[in-house]
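Contents: one structure, followed by commentary.
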Amino acid sequence: MTRIRQKNQALIIQVASEQFATHGYSATKMVDIARAADIPKANVFYYFSSKDKLYFAVLETVTKPLLAASRPIEELDDPVEALTRYIQTKLMISRDHPHASRVFASEVMSGGQALPDDIREELFLQSQMIIGKFTSWSEQGLMDKVSAHHMMFMIWSATQTYADFSWQICNVMNKNALTHDDYDDAAQFLTQLVIKGCGVKSHTQV
């Protein structure tokens, strides 16, 4: 039963992500989600008693990996390795959770009022940790004296745009969808851009 429950919940969350991303929170009804998932509306309410709870579940599918993505920055001392892994992970989140990413982006643009307080706090603490690590690397001569804030914002925007503006990117590239190779190319390019553009060095290069 647990496996069936997990499978049904995952299906509902996936379909809800697509509906919220396409139509927005207000315009999306539980009956629309049930219809798109091809299941009875009662089943949706069985697993998620309200639209708010389902919306929070959708947000959680992207905020959890986003919070975990900064682990290389926090745990690794080598800036080149840490940034390489961080950028790769952020792009994989855009690849694997495109609809939920757009829901999160829409929520942030509207002021983030629906984000639970604990998620808000965790996201804030994560940003402070990243800024602190970037600043420390600069002070150690492992990176140029660049703005830690703007460097972080640039990485956020450059990686999340592949989900949040996927239609535009696919249109420009004349593709229906990006491939794994496209994401690998993006990771390689963005990593090179950040490391060379910000003068990032390994400990062995100092």
Side-chain angles (χ1 to χ4, degrees), residues 1-71 86 88-127 156-157 159-171 173 175-184 186-187:
M1 287 300 293
T2 302
R3 236 177 301 173
I4 295 173
R5 182 183 185 88
Q6 290 174 342
K7 181 179 178 181
N8 290 339
Q9 285 180 323
L11 171 63
I12 293 168
I13 290 171
Q14 175 60 33
V15 173
S17 298
E18 296 172 10
Q19 294 294 309
F20 287 136
T22 303
H23 306 292
Y25 176 84
S26 298
T28 299
K29 298 179 175 60
M30 293 289 265
V31 66
D32 299 326
I33 295 169
R35 189 180 298 115
D38 195 26
I39 58 175
K41 184 174 72 171
N43 286 26
V44 179
F45 278 103
Y46 174 76
Y47 292 107
F48 302 96
S49 58
S50 69
K51 187 169 78 169
D52 280 352
K53 289 186 178 180
L54 181 50
Y55 183 71
F56 294 149
V58 168
L59 287 174
E60 193 173 48
T61 63
V62 71
T63 55
K64 275 190 173 181
L66 283 174
L67 286 166
S70 62
R71 200 164 292 141
Y86 178 54
Q88 287 174 338
T89 304
K90 292 280 278 94
L91 278 165
M92 293 312 100
I93 293 170
S94 289
R95 184 195 71 189
D96 297 337
H97 306 280
H99 302 294
S101 180
R102 288 198 286 277
V103 174
F104 176 68
S106 179
E107 179 60 37
V108 170
M109 286 188 288
S110 65
Q113 297 305 309
L115 285 175
D117 289 341
D118 59 332
I119 297 297
R120 283 166 163 267
E121 180 68 12
E122 285 184 80
L123 288 169
F124 175 76
L125 292 175
Q126 179 193 53
S127 67
W156 284 358
S157 61
T159 53
Q160 289 170 222
T161 193
Y162 287 90
D164 303 342
F165 292 91
S166 61
W167 175 85
Q168 186 177 33
I169 290 173
C170 289
N171 188 55
M173 296 181 72
K175 293 186 173 187
N176 292 324
L178 297 180
T179 66
H180 282 216
D181 286 343
D182 291 324
Y183 282 98
D184 289 342

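Quick note: residue numbers are just sequence positions, from 1.
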**Request:** Examine distances only and state if a side-chain atom of Ser94 and a backbone atom of Thr159 form a donor-acceptor pair shorter than 3.5 Å.
**Result:** yes
**Contact summary for Ala100 and Val62, nearest pair of heavy atoms** = O-CG1, 3.7 Å
**Request:** Provide the closest heavy-atom pair for Ala69 versus Tyr86 in the form atom of the first, atom of the second, distance.
**Result:** O-CD1, 3.2 Å
**Nearest-0.5 Å distance that lies between atom OG in Ser17 and atom CD1 in Ile12** = 11.5 Å
**Prompt:** Should Leu178 and Ile169 be marked as a side-chain contact (heavy atoms from CB on, under 4.5 Å) after you check the CA-CA gap, both sets of side-chain angles, and the distance that decides it?
**Reply:** CA-CA 9 Å; Leu178 297 180; Ile169 290 173; 4.0 Å; yes
**Request:** Give, for atom NZ of Lys90 and atom CH2 of Trp156, the distance between the pair rounded to the nearest 0.5 Å.
**Result:** 8.5 Å
**Request:** Calculate, to the nearest 0.5 Å, the distance between atoms CD1 and CG belonging to Ile93 and Leu91 respectively.
**Result:** 9.5 Å
**Item:** Pairwise side-chain contact, His97 with Phe104, heavy-atom cut-off 4.5 Å (strictly under)
**Value:** no
**Request:** Could you tell me which non-hydrogen atom of Asp164 sits nearest to which non-hydrogen atom of Ala105, and how far apart they are?
**Result:** OD2-CB, 3.6 Å
**Message:** Side chains of Glu18 and Gln14: any donor to acceptor distance under 3.5 Å?
**Reply:** yes
**Item:** Beyond-backbone contact of Thr2 with Gln6, side-chain heavy atoms, under 4.5 angstrom
**Value:** yes
**Message:** Please check: side-chain N/O of Thr22 versus main-chain N/O of Gln19, any donor-acceptor pairing under 3.5 Å?
**Reply:** no
**OH on Tyr46 to CD1 on Ile39, rounded to 0.5 Å** = 12.5 Å
**Request:** For the residue pair Lys51 and Phe20, establish whether any side-chain heavy-atom pair is separated by less than 4.5 Å.
**Result:** yes
**Item:** Check: Asp182 side chain, Thr179 main-chain N or O, donor-acceptor pair, under 3.5 Å
**Value:** yes
**Between OG1 on residue Thr61 and CG on residue Asp96, distance to nearest 0.5 Å** = 11.0 Å
**Request:** Inspect the surroundings of CZ in Arg120 and state if more than 12 heavy atoms from other residues, nucleotides or ligands are less than 6.0 Å away.
**Result:** yes
**Asked** Would you call Arg95 and Tyr162 a side-chain contact if the rule is heavy atoms closer than 4.5 Å?
**Response** no
**Complete:** To the nearest 0.5 Å, atom CZ of Phe165 lies from atom CD of Gln160 at 11.0 Å
**Message:** Under a 3.5 Å threshold, yes or no: a donor from one side chain and an acceptor from the other, between Gln126 and Ser70?
**Reply:** yes
**Item:** Contact summary for Ala177 and Cys170, nearest pair of heavy atoms
**Value:** CA-SG, 3.8 Å
**Request:** State, with a plain yes or no, whether a side-chain heavy atom of Lys53 is found less than 4.5 Å away from one of Phe45.
**Result:** no
**Asked** Just wondering, are more than 12 heavy atoms of other shown residues or ligands nearer than 6.0 Å to CG in Asp118?
**Response** yes
**Message:** The test is side-chain contact (heavy atoms from CB on, under 4.5 Å); show your working for Ile33 and Leu54 and say whether it passes.
**Reply:** CA-CA 10 Å; Ile33 295 169; Leu54 181 50; 3.6 Å; yes
**Asked** With a 4.5 Å limit on heavy-atom distance, are the side chains of Asp32 and His23 in contact?
**Response** no
**Prompt:** Any side-chain heavy atom of Val103 sitting closer than 4.5 Å to one from Tyr25?
**Reply:** no
**Item:** Derivation and outcome, side-chain contact (heavy atoms from CB on, under 4.5 Å), residues Phe56 and Ile119
**Value:** CA-CA 11 Å; Phe56 294 149; Ile119 297 297; over 6 Å; no
**Asked** Is any side-chain heavy atom of Ser166 closer than 4.5 Å to a side-chain heavy atom of Arg102?
**Response** yes
